[in-house]
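One structure below.
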Amino acid sequence: MEKLLSKDHFEITNGENILYLNQKANEAKAKGVKVINGTVGMLYSEEGHIVDFPLVDEVIANSNDEATLKYGSVVGGIGFAKSVMDWLFGGVDYSSVKHSVIGTLGATGALSLTIRNYTSRGQAVLMPSIRWSNYDSIAQQAGATVSVYNLFNKENNFDVKSLEEKVNESVEKYGRVFLLINDPCQNPTGYTIKEGEWDEILAILKNASKKAPVVLLDDIAYLNYSRTSYDPIIQKILDSLNDNFMAVFAFSASKTLSIYGLRGGAAIGFTSSQEGIDDFKKAMEETARSIWSSPNSIACRVIEENFNSLEKREILRKKLNDYLSILEERANIFIKEAKKVNLVCYPYVSGFFLLIPCPNNQKVVDQLIEDENLYVVPLSGGIRVALSCLTKKEIVGMATKIKKAYDKING
Ligand code: PLP
């Protein structure tokens with residue numbers, strides 16, 4: 001008999017087990033087991049609470065009014081758009097290109113709307129070999145497929161050659177290119193692409209755009225956890241655009257403002273022609289309208305009412321700087337110890353995560369749970385450690401524990 005569920009229903013293909021492992025860790029903790037939970041991408045303080053921005057709390061506390069309760073703009077509104085531009089692009093010159101800001105449900109919403117509208121059915125989204133597992137599902141939901149470029153070459157630099165091959169293949173096969181990059185502070189490695197590597201990537205894309213439409217989607221979810229300014233990279237990207245080459249940035253208010261559950265974010269599109277940007281605005285708006293209709297009004301207010309003031313932006317950046325310092329201290333503890341015990345990590349620059357290349361990663365993770373009640377995530381042929389949700393005290397000794405389990409399984 002035919003099942004109720006359609007045979008064409010959506011199936012997750014890439015084993016999204018991060019939230020499952022987090023749940024398992026929390027269940028063990030509730031039973032009184034002393035667990036160490038390094039699974040999720042939320043930033044916790046050394047006291048074990050999600051980090052807080054008083055300016056954000058203030059907006060939430062004062063949002064119980066009609067402006068919150070009524071239907072808002074499908075894309076966030078003019079004030080929202082201006083504040084997002086001031087926060088993200090206040091340090092670059094975007095006068096030579098056209099732009100549009102679409103309020104979304106998190107960076108996830110921005111990724112989803114962009115892939116839906118800028119890939120043809122079955123077209124491959126070019127993604128790195130090491131990546132956040134949810135990308136595959138988002139692409140599949142959009143009717144796209146996945147094609148993988150190698151993230152690191154033998155020297156542990158960005159593998160520009162592999163990317164070039166995939167871009168050329170896409171021009172040949174689909175007559176268009178859709179490239180997804182997660183930079184800076186990549187999930188799961190913490191890698192940030194170097195300026196020189198960006199020069200090469202942009203030259204490849206510019207060249208491809210002479211033959212086919214090219215869309216670069218930069219997932220900047222962890223932008224505000226980079227120690228070095230990303231403005232020079234954004235400027236390079238914007239200066240490379242033409243009528244056949246578009247860039248979209250996926251912004252996450254979850255990560256920047258620590259409001260994961262409020263689902264705030266934006267997709268900001270840039271290209272040279274007015275027609276190209278009008279198409280972007282119309283298509284993204286219509287897609288949003290048919291899925292979630294309009295973004296969360298409280299998240300939009302938190303973004304707009306904080307980012308629209310220079311004084312508040314400065315206070316937020318100061319606080320972010322403090323949180324970044326905590327992440328750096330945690331990373332330093334882990335990496336120093338890892339070196340001591342010969343545990344290799346991919347090149348970490350900054351951000352919430354680092355990744356240890358590891359054969360049989362699922363077995364090693366199971367061993368760590370069994371032996372140490374230590375929860376980390378098997379992902380992309382490695383073990384991902386979420387520095388964001390571990391205290392410095394919990395990180396001390398962790399590299400040694402992982403090395404022990406690694407050796408036990410892999411010999
Ligand atoms: N992009 C990356 C690389 C992420 O790691 C995450 C969340 O973990 C997201 C996007 C989604 O963030 P949001 O909560 O803004 O949808």
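Read the numbers this way: they start at 1 and go in the same order the structure lists the ligands and their atoms. Counting from 1, the numbers follow the sequence of the chain as shown.
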Contact atoms of ligand 1, heavy-atom distance to Ser252 under 4.0 Å: 12 (O), 13 (P), 15 (O)
Which of the numbered atoms in ligand 1 are below 4.0 angstrom from a heavy atom of Asn187? 3 (C), 4 (C), 5 (O)
Please state which protein non-hydrogen atom is closest to atom 9 (C) of ligand 1 and give its distance, to 0.1 Å? Trp132 CH2, 3.4 Å
Looking only at protein heavy atoms, identify the closest one to atom 7 (C) of ligand 1 and say how far it is in Å. Lys255 NZ, 3.0 Å
Does any N or O of ligand 1 fall below 3.5 Å from an N or O anywhere on Ala107, backbone included? yes
Residue and atom name of the nearest protein heavy atom (relative to atom 1 (N) of ligand 1), distance in Å to one decimal: Asp219 OD2, 2.6 Å
Do Tyr346 and Tyr191 have ring centroids that are under 6.0 Å from one another? no
Heavy-atom distance under 4.5 Å between the side chains of Leu374 and Met398, does that happen here? yes
Would you call Asp371 and Lys404 a side-chain contact if the rule is heavy atoms closer than 4.5 Å? no
Is the shortest distance from a Lys or Arg side-chain nitrogen in Lys82 or Asp86 to a carboxylate oxygen in the other one below 4.0 Å? yes
Donor-acceptor under 3.5 Å (Asn360 side chain, Lys363 main chain): no
Are Phe352 and ligand 1 in contact, using a heavy-atom cut-off of under 4.0 Å? no
Check: Tyr230 ring centre within less than 6.0 Å of Tyr222 ring centre: no
Which atoms of ligand 1 are found less than 4.0 Å from any heavy atom of Ser254? 13 (P), 14 (O), 15 (O)
The closest protein heavy-atom partner of atom 11 (C) of ligand 1 is Thr108 OG1, 3.3 Å
Ligand-residue contact atoms, ligand 1 with Asn182, heavy atoms, under 4.0 Å: 3 (C)
Considering heavy atoms of the protein only, find what lies nearest to atom 4 (C) of ligand 1 and give residue, atom and distance to 0.1 Å. Tyr222 OH, 3.4 Å
Using a 4.0 Å cutoff against the non-hydrogen atoms of Arg263, which atoms of ligand 1 qualify? 13 (P), 14 (O), 16 (O)
Close side-chain approach of Leu180 to Leu126, heavy-atom, < 4.5 Å: no
Between Glu165 (side chain) and Ser162 (backbone), is there a donor-acceptor pair under 3.5 Å? no
Other residues, nucleotides and ligands only: do more than 12 of their heavy atoms fall within 6.0 Å of NZ on Lys403? yes
Can you find a non-hydrogen atom of Tyr135 under 4.0 Å from ligand 1? yes
